[in-house]
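Each chain gets a letter, A, B and so on, in the order its sequence line appears, and its residues count up from 1.
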Amino acid sequence: MGYGMQLIVGIISFSLLVFSNISHSKDGTYLLLGLNVQSGIKEIRFTGERTIDINQNDLLVHPDYILLKVKPGQYRLTRVKTNNRQQAVGFEKELWTFNIQKEAINYVGHISASRAPLLLSFFSQLYIEQENYSSLAWKYMEANHKDMMLKLPLVYQGPGHDEFFTLMREDSEK
Amino acid sequence: MRCFTWIFFIVFSNFSLADFIPPEKLFQNYSVESIAISPAGSMFSLFVNENGKQKLYVSKTDSIKFSQVNFYKPFFLHGAVSVDWLDEKHFTVIPSQSNYSYKPIIVRVDGNEKSGFKTSKIRFKPNLKGVVVAVLPGQEVLLARAYGLDKLDVQLYRLPLKDLLKGKFGSKYKIGPKIDSVISFHASVNGTDIMVSTLSAETVDFWYLDQSEGQWKLLYSKDDLEENFIPLARRPSGDFAVLSNRISDRLSVVNFSMKDELFGEVIFQNNSYDLTGAVYDSIEDRVVSVSYLDHGRFTQEIFVEASQAMFNSLAATFPDKQIILLAADSVGKWYALLTFSSDDPGSVYLLKRKPLQAYLIADMIEDLDGYELSSSTPIRSISDEGKNIEASLYRPIKHDNKTLLIMPHGGPIGVRDYNQYNPQIQFLADRGYTVLTVNFRGSWGFGREFLDAGRGQFGKGIESDILAAYETVVQDHNFNHVCTIGSSYGGYSAMMLAINRPEEIDCVVSMFGVYDLPLLFSSSNLHQTESYRSALRSIVGDNSLELKNYSPIFLADKLDVPTLIIAGMKDKVAHFEQSSRMALRLERLGKKVTSLFFPGVGHGHHFYHHEWHQFLYIDSFIRDATGNSYHASVSKQSKVEDFLTLGRGFESNGVLPKDLEKAVGFYHKAAKLNNPSAMYKLGVAYSTGRGGIKDPEKGRLWLEKAIELGETRAKVALADVYYLGIGVEKNAEAARDLLVSAIEEGDQGAHWKLALFDCLGGEDGSFDFNLCESSLFHGMTQKDKFLDVFYKKYGVDSVDVLNSILSKLFMSDSFSQESERLVLDMIQRRYGAKTYHPKFKQLGYGAFDSDARNLNSPSVDKLDEIPLVKGMQFGIQSKIWGDKKTDGTFTLLREKWFKVDKGEKILVEERFVTPKLGQEYSFIREVDKADHEELGEWQVLVTTLDGEVLTNRSFELVPIH
């Protein structure tokens, strides 16, 4: 679906549960997202080629990792909502954007989202960060999707540049 | 309290104990937080840590007898640890943070030393918020009154103390206009010069109050964090004496002209070191004293004759000690001192000038009195660039195992090692290691050039300096083994030294370290800003391909010695990914790597007991890695203590990362030394399969051996083995005998176990009600209110055990309706109350977090359909209450869980629960397996004892897509 179409019909979001059944997929383009999300987070939204909404139910079923087939292209974290109606928006484009490379498992990092109570206040503060836990992602894929790793390269698309996956691949090929 | 005359000062003779110093004595808080003396010297106060609690005492100086000050709640909020005396009867509490938004806390002291001093807080009108920031001569004070949202905007008042105490702050006392974003104040001793520093987005600004014009004038503005600028005093010329390193390599006393905004003459400079402080007399226009760190030792030079003589006498009285003046009165009668050294955590003294007498007020770590600690020996070496490199060597007092530990510090830029008590070093030295610390290039205190020389020198010049010190040491000392150990940068360095010197280094202990230098730039998206990257580049160098050549992760194949990697899983400084990936790659390359990853820990530990457990493990790791056995002089008991502490530490998450396999390993070591407690632990582990090892035969043998050595708990565990038939024929009689024997030996747990056995009946399903009741309520009379007595006597856990026995009773196949009636009747009699009918309100329902019982809050509100995930919990959150009389007491309810299959309800679980009336309570079921049997409808039914339904709700467990 093109961007223009989205403007006409509004934002179309897909429940992750539709996408998360990847056990029979043999090829394609995948997004691997690590989650380090505290309770109370209700929704995380990425916009790009498609809008990806991760809702409370998704977080319950997939508390640590989300692996889903996506269209290649550029995506950006655009919204984090909590169940007390707090919402973080307005993420600066350059810090929250990532690319999805075709025919690969794209690890885009771990999203940390937590609510830190403010001292002497009834309110809490949303803390959101996209962190690089490549080694944990590597271990997760090895333990849960080893076949997939043999067919598709696991590539790093998180913040900055990282050669860890290449290093591990070289080690395993030795 | 001990008093020492000045002339005949007694030096304690230390004594050496054969065993290790218990680590909990080495790793602990200092006892004294601060000391303050009143202006005329008649009173003093002492802020102390006593058993983890802050306390404040006051006393007269000339007859020391402490009275405790009532601890006001705001003290805690402020995190305050010091006070300032306003006169002989009043003191103010100084907040630890730059926040002026609290009411000033001023305490009046009444009474006398005989009856004890009484303290009372002065009350101010509600709108006054601020802090007394300085006590000035002539009974005046400087009050900073807070304004603005961030409470850092202040109006200064200079007013007589008597008016402050009466709450009179007329505008006539205002000095200067309001000033924003204040972070610190400075008033000269005579009160003529007042300066403040303020913080803006990019600069720290220093302001001088021109009292003739009533205006704040900008003295200096700095945007370089590495630049120091500390105003000392205004000179008669109108210029300022400041501590600065702007025009000199080393931090020095320099003249600064506000008019020309220029630094001028260097008034005082040390030849080798940055100054750490200076006192300047603005009337005499001269430097009174300076201090610096000479080879890490706090050193003071005094240029006023009278004071110099006193400090010379002090130095003679406390030989080899470093001395810091902590407080003084305004009349030169009383002083407070801290004396310390590398082998002494320190002591606080009250010093009377005439006649000279020193009173010991407190030892900073009293538990270490009598233990001999290792003192540092200075090592001087020359770097490859011809610079002096200062290092320190700590030799073991006893148990020398001929192993050198090279211990680089963190940072690496602007951090340093000090010549003072360090619990980690003392722990290692006490266990027989020699420890080498090095102030390599980049360390603070040796001037800016030396500091800057460390930038971009990861794995290069810094390690070259460390090796220069190492080579100096090995010229004079022989070691059988050399290992490296360090935290943060020191962790990186420990790894790099072993990679670069494989033939000399035998093992590595790397804590909270970095191993992949390019990853420093890519560990978080928040690190992608130019300001962060620029700050990082100034330390590590450009993010170029070259960084890979100095990153242990890319050099891992060269690391061929046993390596221990320790990290905090919440570390954001040396991001946890650093340690995680290093450990993973070493593991995959088949290297000898062990990791200790602490959940919930950041860049280092918050609690000392975590740290000492960690160091016990480090000692054990190095012994294994180097083949060092314990020195013959170490007692068996001391070794057993180590193994048991480590075993226990690994048993539950928190102290050490939970690792039952490791726990069992340490219990084996202790059991080999004939320790019955370890044998019991092994018996339980092998019998139950905890720790991944199930061998009932071994389990039984260990338990029997422990019993032989008098371990009562092993009897209770062996009773389980016989009762349940774990690897043996079931034998209820043998089980009972063991429990009775354990009860005779005073084991409370055995009572419960016996009650469980007696109430659940024998193999044949027989149920002896009287036996069950007498076992359950052993030692209680009919009059006792069961719950109250048990909560008070045995705590919540015991009641939980009792509830679980009752639950098991009700779920037992052999339990008849008649038995149920009897037991319900018994519970009502024994619980001391009639069946209670509380009010019940459902607050929410759905899926819960894993620690739901603590959170008491459903993470998903009102969700009837629950996706089936193993370990997930679901249920109801409720509030249960009675009336004013009963709220706060416990009630007893029945919670039943049914599985509904084709319209038929099957009871799966029944519990007795004891919610506290007036509070929230959650009724929760955990999904312990994710298979088809769990799918479908579930019902929870909560009733009173006599069956009144409080709630009944259905849930649908659905498959995940």
Subject >> Nearest atoms (heavy-atom pairs only) where A/Ser134 meets B/Arg581 >> reply: CB-NH2, 3.4 Å
Original post:
What closest approach, in Å, do A/Pro159 and B/Ser522 show between heavy atoms, and which atom pair accounts for it?
Top reply: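 Looking at all heavy atoms of both residues, the shortest contact is O-CB, 3.2 Å.
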Quick one: [atom1] on [X] to [atom2] on [Y], what's the gap to the nearest 0.5 Å?
| X | Y | atom1 | atom2 | value |
| --- | --- | --- | --- | --- |
| B/Gln528 | A/Thr97 | CD | OG1 | 11.5 Å |
| B/Ser580 | A/Phe164 | OG | CZ | 7.0 Å |
| B/Met569 | A/Leu136 | CE | CG | 7.0 Å |

Original post:
Counting only heavy atoms not in A/Leu150, do more than 12 sit closer than 6.0 Å to its CG atom?
Top reply: yes
Original post:
More than 12 heavy atoms of other residues, nucleotides or ligands under 6.0 Å from NZ of A/Lys139: is that the case?
Top reply: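 Correct, the count exceeds 12.
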**OP:** Look only at the side chain of B/Asn525 and the backbone of A/Leu95, and say whether a donor-acceptor pair between them is shorter than 3.5 Å.
**Re:** yes
Subject >> Atom group of B/Asp557 that falls short of 4.5 Å from chain A, counting heavy atoms >> reply: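 For B/Asp557, no heavy atom lies under 4.5 Å from chain A.
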Original post:
Given a strict heavy-atom distance threshold of 4.5 Å, which part of A/Glu170 is in contact with chain B: side chain, backbone, both, or neither?
Top reply: neither
Original post:
Does any heavy atom of chain B fall under 4.5 Å from the side chain of A/Tyr156, the backbone, both, or neither of them?
Top reply: side chain
Original post:
A/Glu131 pairs by side chain to side chain contact (heavy atoms under 4.5 Å, CB included) with which of B/Lys572, B/Glu577, B/His527?
Top reply: B/Lys572
Original post:
Does B/His575 have its ring centroid less than 6.0 Å away from the ring centroid of A/Tyr133?
Top reply: yes
Original post:
Passes side-chain contact (heavy atoms from CB on, under 4.5 Å), B/Arg588 versus A/Met168? Steps please.
Top reply: CA-CA 8 Å; B/Arg588 294 299 156 89; A/Met168 292 302 285; 3.7 Å; yes
Subject >> Side chain proximity check, A/Glu163 to B/Ile553, heavy atoms < 4.5 angstrom >> reply: no
